[in-house]
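Below is one structure, written out as structure tokens; the observations come after it.
We use all heavy atoms of the structure for the numbers below, so side chains are in, but hydrogens, waters and symmetry mates are not. The structure presented is a predicted model; accordingly, all values stated were derived computationally and were not measured. Below, chains carry the letters A, B, ... as their sequence lines are ordered, and counting in each starts from 1.
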Number of protein chains: 2
Amino acid sequence: MDAIIDEFRAFNRSYTQVLGLLDRHILNSPFSLAEGRILFELHRAQPVTPKELGEMLQMDKGFVSRILTGFVRRKLLRKVRNPQDARSWVLQLTPSGEQAFLAINEASNGQIQRLLDPLGNEARRDMIHSMRKLSRQLNRFGEYPPKPQLDEIQIRTQLNPGDLINLIQLHGEVYREEYQYGTTFEAYVAQGIAEFYHQYDPKTNRIWIAEHLGHQVGYLALADRGTVAQLRFFVIDSNYRGIGLGKRMMELFMQFLKECNFTGAYLWTTHELPTAAALYRRFGFRLTEEKPSKAFDKPVIEHRYDLAH
Amino acid sequence: MDAIIDEFRAFNRSYTQVLGLLDRHILNSPFSLAEGRILFELHRAQPVTPKELGEMLQMDKGFVSRILTGFVRRKLLRKVRNPQDARSWVLQLTPSGEQAFLAINEASNGQIQRLLDPLGNEARRDMIHSMRKLSRQLNRFGEYPPKPQLDEIQIRTQLNPGDLINLIQLHGEVYREEYQYGTTFEAYVAQGIAEFYHQYDPKTNRIWIAEHLGHQVGYLALADRGTVAQLRFFVIDSNYRGIGLGKRMMELFMQFLKECNFTGAYLWTTHELPTAAALYRRFGFRLTEEKPSKAFDKPVIEHRYDLAH
DNA sequence: CCTATTTAGTTGACATAATCAACTAAATTT
DNA sequence: AAATTTAGTTGATTATGTCAACTAAATAGG
């Protein structure tokens, strides 16, 4: 634990430097750091009240008040009585206020751009992923990272390098964390993936890969089994559940199933996945076979579902 | 790119809050934030000169000077003329200075501990991994993350849940980034791993897993092939090369090979991996066969090495 | 509806934090 | 040995932040 604390401290020192570098540009502007932060927040959150500003930035209301009067004096800000509450104001940047914001914003963007410039695309995606993960762990009640929306998620069917591995990875992670499946299951998935890839013909097989900000968050595959199709490798990252992604992917599955004129479809799952089973049933699958299995490092009952006609 | 900048900003806001939370404890101490930081650095880096302090913490030298005189007045610090340079001082905390440091350090530790407490072990490891990755990307010339040392790396032979997947993952990552191998290679590794696991008997098979701070950074496996053994799945994370880890793992391989009384050993690699080949040769392997292969998404020549007697 | 209490924002007084420039004395360069 | 650079100190000044008192509006409770 002590090693972790030291590590944490070392990271904080390091990141403080990054933040300091980014704050520096404000020093070359006609604004103090506190003024800059308020200007930013004004732009981002307007229309906003002084009270909200103070809370967002954790600043004393007196201090905020003074900075705001300064802005009004410099004609950067308009204060209008809040119609809901005559004690309070609604704050709105004037055109020259917006311009002032733009100037420091550009400078700040430039600084960030210079910082991120040397990174490749994959590194940037990785970075975002790391940042979200860190914040999720440390700042559990903050507003970052935002809950992802279904429309931000791309689903593609082209198989790229890295995809199979990421699929195996996510499967392993999810089933290990949530159902304590172990090494045998991992080998089983690896085997399945290898097999799927060898018989993979894009005409009658398909894999759907759901991505958010370049990071893979869900998979589903359709494997050609002659006249019928097998649904395989269905998994969704736990942070991306409950937003309709599973339903969306199932729809794509059903659509492709129809296009290829398969006469039916089936899948194997286990008794431990009721949420998934409910989704399968919703799309017309019915339980047709049960058998105990030892392929999961613990006793489970495998369920076969077939599409009812 | 704009989305990435926004994301970066959002993370910075979020992390600023975390840092703010951690700095807060200093407010309940007889030290200001700046004093606290200096006290920390004094402890960490002593003996140190005022100039170095200012540079490390990016503080104005006048400001540093004043804080230091304050410390001397409070008998927390001893200033001794620098024997190398009579303009300068060597700073050293007095016993009560150390004590003061200890007090705020404990408080800070407690704060961090409370922050990390809700996380499980795996989450903590993930966190460290994310932090190191982020810092490596953003702070390329800083001292964090430190270059890992061989003696910090544990090598274990017990196969745990997640290991196989991580192995596949690292293989894919390394060979994709460094040699542009693609999906076929991934399927090939997945297949190999599944096969290895099925025939895996710990008596005459072994896998070595190198870990740093709980994060897996290298693999090597020995597969029983009857009278001889096959060396498989040798890979080391690019951030952990050049510190003797590969040599260390090969030694373990050779040792186990002897223990099990195999009469020989062989391995397959490709012409593109000269560093690995040099290592194999160093341990007595010699090139015995070459053949072109299509299993790597691009034309490569596979090389077979056999242990010479 | 009236009164007591709470709340949003302002202001003054004040303390602390941080910056800048001028300065001293030692080190280094030429 | 003179000129220049460097480490550190100090005074002047500005920025940041806190606290409490205050005004005026909103709200709660009878």
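- B:K51 comes within contact range of the sugar-phosphate backbone alone, with a heavy-atom separation under 4.0 Å but no base atom that close.
- Taking atom CG of residue A:N82 and atom P of nucleotide C:dT7, one finds them 17 Å apart after rounding to whole Å.
- Separating the CG atom of B:L68 from the P atom of D:dA7 is a distance of 15 Å, rounded to the nearest angstrom.
- Note: B:H129 and B:H215 have tilted aromatic rings, judged against thresholds of 30 and 60 degrees for the angle between ring planes.
- Computed from coordinates, the A:E55 CD to C:dA8 C1' distance equals 11 Å when rounded to whole Å.
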- Between A:I236 and A:L170, is a side-chain contact (heavy atoms from CB on, under 4.5 Å) present by the stated rule, with each step listed? CA-CA 8 Å; A:I236 293 180; A:L170 186 62; over 6 Å; no
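- Ion pairing of A:E211 with A:R125 is absent here, as no side-chain N (NZ or NE/NH1/NH2) approaches a carboxylate O to less than 4.0 Å.
- The side chain of B:R66 sits closest to D:dG11 out of D:dA7, D:dG11, C:dA8.
- Counting non-hydrogen atoms under 4.0 angstrom, A:D60 reaches a base of the nucleic acid.
- With D:dA25, C:dA27, D:dT10 as the candidates, the nucleotide lying closest to the side chain of A:A86 is D:dA25.
- Taking atom CZ on B:F63 and atom P on C:dT16, their separation rounds to 13 Å, with Å as the unit.
- Summarising the geometry, the separation between CE on B:M59 and P on C:dC20 is reported as 15 Å, rounded to the nearest angstrom.
- Here C:dA8 is the nucleotide among D:dG8, C:dA17, C:dA8 with the atom lying nearest to any side-chain atom of A:D85.
- Side-chain atoms of B:K61 lie closest to D:dT9 of the nucleotides D:dT9, C:dA8, C:dA17.
- Taking atom CZ of B:R81 as the reference point, atom P of C:dA26 lies 8 Å away to the nearest angstrom.
- Judged by distance alone, with hydrogens and angles left aside, the side-chain atoms of A:R78 form no donor-acceptor pair with the main-chain N or O of A:L91 at under 3.5 Å.
- Side chains of A:N109 and A:R114: no donor on one and acceptor on the other come within 3.5 Å.
- Between B:S65 and D:dT9 there is a side-chain N or O to OP1 or OP2 distance below 4.0 Å.
- Here the side chain of B:A34 is nearest to one of C:dA18, D:dA26, D:dG17, namely C:dA18.
- Taking the screw axis at each terminus of the helix from C:dC1-D:dG30 to C:dT30-D:dA1 from five consecutive base pairs, the angle between the two is 30° to within rounding of 10 degrees.
- For B:S88 and B:R81, the side-chain atoms include no donor-acceptor pair closer than 3.5 Å.
- Whole-Å rounding puts the A:W89 CH2 to D:dA25 C1' distance at 12 Å.
- If you look at A:Y15 and B:F11, their ring centroids are closer than 6.0 Å.
- Counting only heavy atoms from C-beta on, B:S32 has its side chain closest to C:dA17 among D:dG11, D:dG8, C:dA17.
- For B:T49, taking side-chain heavy atoms from C-beta onward, the closest of the listed nucleotides D:dT6, C:dT11, D:dG8 is D:dG8.
- If you take NZ of A:K79 and P of C:dA8, they are 15 Å apart, rounded to a whole angstrom.
- Side chains of B:S108 and A:R9: a donor-acceptor N/O pair is present below 3.5 angstrom, by distance only.
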